[in-house]
Amino acid sequence: MPELAEVEFYRRVWAVGLGDVVTSIDLHPQARVFRGTEPDSLRPLAGSTFSSALAHGKQLLFGFQGAGWLGVHLGMSGALSIAPPEHLADRHDHLVLRTGTQSLVFRDPRMFGRVRFDLGSEPPEWWTSQPAQVLSQAFNRKRFAQFLERRQGTPLKALLLDQSLFPGIGNWMADEILWRARLHPAKLPNQLSKCETSRLWRITREVARDALRVIAPDWGEAPDDWLFNHRWKAGGICPRPHCRCPLARAELRGRTSCWCPQCQDLASS
DNA sequence: TACAATGTTTTAAG
DNA sequence: CCTTAAAACATTGT
């Protein structure tokens, strides 16, 4: 489920525990979410103070004073929540951090998500070496144009999903971006005019900003003039005021895309 | 029942 | 080393 704004929402959920001391942890050692990580390596968390909560694209990093860094990726079905101190981990609650007053719960039924842990006082290398955030200053028009030039043969939709270029963009955001930019998901970067490339850059950032504003504080509902509320609906139509054309859906590179055949013409430019 | 779900990694080929 | 494409991963809900 989670993309940029949903991940930020979950960061804030756990952040209510900042400053608390972790008294104990519960985990499912055999769960796939610990692949690449020795579950026992999380032991130092017990007794440490929860001191920072960061999000970068779809990655989460939680700092624990005197212990280290807990990395969390929510995959397709992951979620973070707060529960009472006595909360019993159910089948899908793979990690629970208990403080005196509450439990921080990581849940992931499909287990495409991942948990890792690194010792040390500085954030781990995998965190600090991440690509520039879409809303950062470094993510400028020139850099964006370079991405498109380098990946000329990749359809725009697939390109936007590349986390090494656009951290945090996921399936619904990519569809929303292309719909607002009036560009067909299967269009190739080298078919874009300079003007369209600039527009796509601007709207990529606009959607990221809007998503964070609407969703991150309290998982607010998307407005009806976004594509979001229409894209999975049976018989969904384009929410653009003078369009109202039935939306199209097709699989592209293993993910379902939704677009408006009227507004997002493959041939036009 | 069968298919699809807001994601990444691996593997392979060019 | 770079780009591109497809399959695999695991579970649930329609």
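Owing to the predicted nature of the structure, the values given are computational and were not obtained by experimental measurement. Order of the sequence lines sets the chain letters (A, B, ...), proteins ahead of strands, with each chain counted from 1.
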request  = Round to a whole Å and report the spacing from CG of A:Leu159 to P of C:dT3.
outcome  = 11 Å
Phosphate-side-chain proximity, A:Arg253 and C:dA5, N/O vs OP1/OP2 below 4.0 Å = yes
query = Is the backbone N or O of A:Ala53 less than 3.5 Å from a side-chain atom of A:Arg11, with the two atoms forming a donor-acceptor pair by type?
reply = yes
ask   = What nucleotide, of B:dT8, C:dC9, B:dT6, holds the atom closest to the side chain of A:Arg32?
value = C:dC9
task = May I have the distance from A:Arg150 (atom CZ) to C:dT4 (atom P), rounded to whole angstrom?
result = 10 Å
task = Would you kindly give the CZ-to-C1' distance between A:Arg114 and B:dT8, to the nearest whole Å?
result = 9 Å
key: C1' atoms of C:dT4 and B:dT6, separation to the nearest Å   = 24 Å
key: A:Arg240 charged N/C atom sitting above A:Trp179 aromatic ring, 6.0 Å / 45°   = yes
key: Given B:dT6, C:dA10, C:dA5, the nucleotide with the shortest approach to the side chain of A:Pro155   = C:dA5
A:His92 side chain, from C-beta outward: closest of C:dT11, B:dT6, C:dA10 = C:dT11
request  = Classify the nucleic acid contact of A:Thr256 as base, sugar-phosphate or nothing, counting any heavy atom under 4.0 Å across all strands shown.
outcome  = sugar-phosphate
request  = Answer with base, sugar-phosphate or nothing: what part of the nucleic acid does A:Gly254 contact at a heavy-atom distance below 4.0 Å?
outcome  = nothing
query = Between C:dA5, B:dG7, B:dT6, which nucleotide has the shortest distance from any of its atoms to the side chain of A:Phe112?
reply = B:dG7
task = Please state whether the phosphate of B:dT8, meaning OP1 or OP2, lies under 4.0 angstrom from any side-chain nitrogen or oxygen of A:His73.
result = yes
query = Is any side-chain heavy atom of A:Arg116 less than 4.5 Å from a side-chain heavy atom of A:Trp69?
reply = no
key: Nucleotide B:dG7, atom P - distance to CE of A:Met173 in whole Å   = 10 Å
ask   = NA contact type, A:Arg255, heavy-atom cut-off 4.0 Å: base, sugar-phosphate, or nothing?
value = base
message = Could you tell me how far C:dT12 sits from B:dT9 if I compare only their C1' atoms? Round to whole Å.
response = 22 Å
remark   = Rounded to whole Å, CG of A:Leu212 lies from P of B:dT6 at a distance of 19 Å
message = Let's test this: given Watson-Crick or G-U wobble pairing with both distances under 3.5 Å, identify the partner of C:dT3.
response = B:dA13
request  = Please measure how far the P atom in B:dC3 lies from the corresponding atom in C:dA8, and state the result in whole Å.
outcome  = 15 Å
request  = Send over the distance from A:Lys157 NZ to C:dA5 C1', rounded to a whole Å.
outcome  = 16 Å
inquiry  = Under 3.5 Å for both donor-acceptor distances, Watson-Crick or wobble: does B:dA4 have a partner, and if so which one?
reply    = C:dT12
message = So, does A:Gln163 get its side chain near the phosphate of B:dT8, meaning an N or O under 4.0 Å from OP1 or OP2?
response = yes
query = How are the rings of A:Trp14 and A:Phe62 set relative to one another: parallel (under 30°), tilted (30 to 60°) or perpendicular (over 60°)?
reply = tilted
ask   = A:Trp232 has an atom CH2; how far is it from atom C1' of B:dA4, in whole Å?
value = 9 Å
request  = Report yes if some heavy atom in the side chain of A:Leu4 is under 4.5 Å from a heavy atom in the side chain of A:Val134; otherwise report no.
outcome  = no
ask   = From B:dT6, C:dT11, B:dT9, pick the nucleotide closest to the side chain of A:Glu6?
value = B:dT6
key: Any A:Arg151 side-chain nitrogen or oxygen under 4.0 Å from OP1 or OP2 of C:dT4   = yes
ask   = Can you tell which of B:dT8, C:dA10, C:dA5 lies closest to the side chain of A:Lys58?
value = B:dT8
ask   = A:Glu3 has an atom CD; how far is it from atom C1' of B:dA5, in whole Å?
value = 12 Å
key: With A:Arg98, the side-chain hydrogen bond (donor to acceptor under 3.5 Å, both in side chains) member among A:Thr23, A:Asp20, A:Asp26   = A:Asp26
request  = Select one nucleotide: of C:dT12, B:dA5, B:dT6, the one nearest the side-chain heavy atoms of A:Pro109.
outcome  = C:dT12
inquiry  = What contact category does A:Arg91 fall into here, base, sugar-phosphate, or nothing, at under 4.0 angstrom with non-hydrogen atoms?
reply    = sugar-phosphate
query = Will you find, in the side chains of A:Trp226 and A:Asp210, an N or O donor that is under 3.5 Å from an N or O acceptor?
reply = no
message = For a quick test of reading the model: is some side-chain N or O of A:Thr154 closer than 4.0 Å to OP1 or OP2 of C:dT4?
response = yes
